[in-house]
Amino acid sequence: MIDTKDLIEHPEKYRASQRARQEDESLVDLVISAQQTRNEAIARFESLRAEQKAFGKQVAQASGEEKDRLLAEVKDLSQRVKTAEAASNEAEETFRSLQRRVPNPIHEGVPAGGEDDFDVLRTEGSPRDFAAEGFTPKDHLELAESLGAVDMERGAKTSGARFYFLQGVGARLELAMMQMGMDQALAAGFTPMITPTLVRPETMQGTGFDVEHDDEIYRLERDDLYLTGTSEVAIAGYHADEILDLSSGPSRIAGWSTCYRREAGSHGKDTRGILRVHQFNKLEMFVYCSAEDSAAEHERLLAWEEQMLAKMELPYRVVDIAAGDLGMSAARKFDCEGWVPSQETYRELTSTSDCTTFQARRLNIRERRTADDGAKAGTRPVATLNGTLATTRWLVAILENHQQADGSVRVPEALRPYLGGQEVFEPIR
RNA sequence: GGAGGUGUGCCGGAGCGGCCGAACGGACUUCACUGCUAAUGAAGGGUCCGGUUAACCCCGGACCGGGGGUUCGAAUCCCCCCACCUCCGCCA
């Protein structure tokens, strides 16, 4: 949810952001006029209400005929108060629904345009030259199956398409990777968390997901609960309606959870293997910090992601996502895309978003502000950010990039301590 | 699943339908006093919205788990929901 005061003071900033997102900029003016209508309605209601309260005091003190007379007089006022209140509530609702439709204004420097208009900021490492090494790389599923790491067929048998079993070295590899990520997060001062994966509609909506219309969300209608596509949802909801103390710096949480996605719009896309699945695990960084610190924190999250990718010894590139592909909440988003040899392309492995105060405003998460002189001051919304430390999808990149001509897979060195020192995964069939 | 109970400010805890934004404790902040700490005394507090303002102040409104309702008027009465507690049943 955007800051309406800011929008009214700097409408051009919001119009420009809407243009970059390739969205309707007239929304900005709709919000402004709805806000005026609302304020007028509130003022009308409140002055009537004040009158009614004053009358109420008289009624309380009066008695007998005097009281009856006052009651007769105030009945009409009561009606007018009710009418004005209803009008005020309606204007409020109209305003809020418009306000909720305005996406977070983008940061300066974010490329304009849609999905394909991203900027490549950097490329780290370089893809292996398999031709020079004298063999054609296998794809991750072929590798995984020969290693006994993934069973897609039985996943489909028990649960349907896009479900799978991780088993053997696949299961171990994922656990090792998560543990390594958790250790890195711990060293950086994060608080580890394992989060609920079913949340109430208010929590889902608070994070910016549209429960009614989002086809990506699994819903349990009978219980009015929603399966989360990322632990971000629960962690963002964790501090809803709270006032935080961030005086000693950002609050950083490393959340592990299983994630559920319907992948409704992607029939026929990435159907092979575990690249795009309905259920996977993810270790997520989540940060609550002061608004002015969010851009710097965003850089830190990106650095921690890259640190993990480096430890996995994966070639990747860093991408600045274009405005139209940011979603409602993010003012900026960096993806790290790992090289996938079988596809000869880069695929998303991490994604980090700076949601500034957008998410927190909706979730009503604030911090207490201390004035420059150290005296008391009011509250203000915090900023929230998130970023990926590891996901099941990484197995794709790890297996493919570290495969060897004989079908075995070399274990990245940093991961070995988490696998009992194992250096190579050997095919079992 | 069944029966009952509770939900008030940072915490504890009162609260006849009007004089309750809310008694009384504690915590906290400031001031006073004491050689320091402690103790004591005094004073002060929340959040949100609107008006006004450069900003503060100030004025008005809302908020007593959440949402509806009754009433001229609701923390107080009624209904629904949520959370927690106790007992019974069921179950990993």
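Just so it is clear, the values below take in all heavy atoms, side chains as well, and ignore hydrogens, waters and symmetry mates. Residue numbering restarts at 1 for every chain, and letters A, B, ... go by the order of the sequence lines. In this text the structure is predicted, and so the values were computed from the model without any measurement.
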B/C28 pairs with, by Watson-Crick or G-U criteria that keep both distances under 3.5 Å: B/G44
Side-chain heavy atoms of A/Arg362 within contact of A/Arg100, under 4.5 Å: yes
Nearest-nucleotide pick for A/Lys5, side chain only, options being B/G50, B/C72, B/U47: B/G50
Span that lies between the P atom of B/C20 and that of B/A32, in whole angstrom: 33 Å
Same-atom distance (C1') from B/G65 to B/C57, integer angstrom: 34 Å
Under-4.0 Å side-chain N/O to phosphate OP1/OP2 contact, A/Arg368 with B/U47: yes
P spacing across the pair B/C79 / B/C24, given as an integer number of angstrom: 33 Å
Aromatic ring pairing A/His278/A/Phe163, orientation class (parallel under 30°, perpendicular over 60°, tilted between): tilted
Nearest-Å distance once atom P is located in both B/G73 and B/G1: 38 Å
5' priority, RNA chain B, between A/Arg96 and A/Lys75 [closest heavy atom]: A/Arg96
Whole-Å P distance, B/G4 and B/C58: 50 Å
OP1 or OP2 of B/C49 under 4.0 Å from side-chain N/O of A/Asn39: no
Syn or anti conformation of B/G68, syn meaning chi within 90° of 0: anti
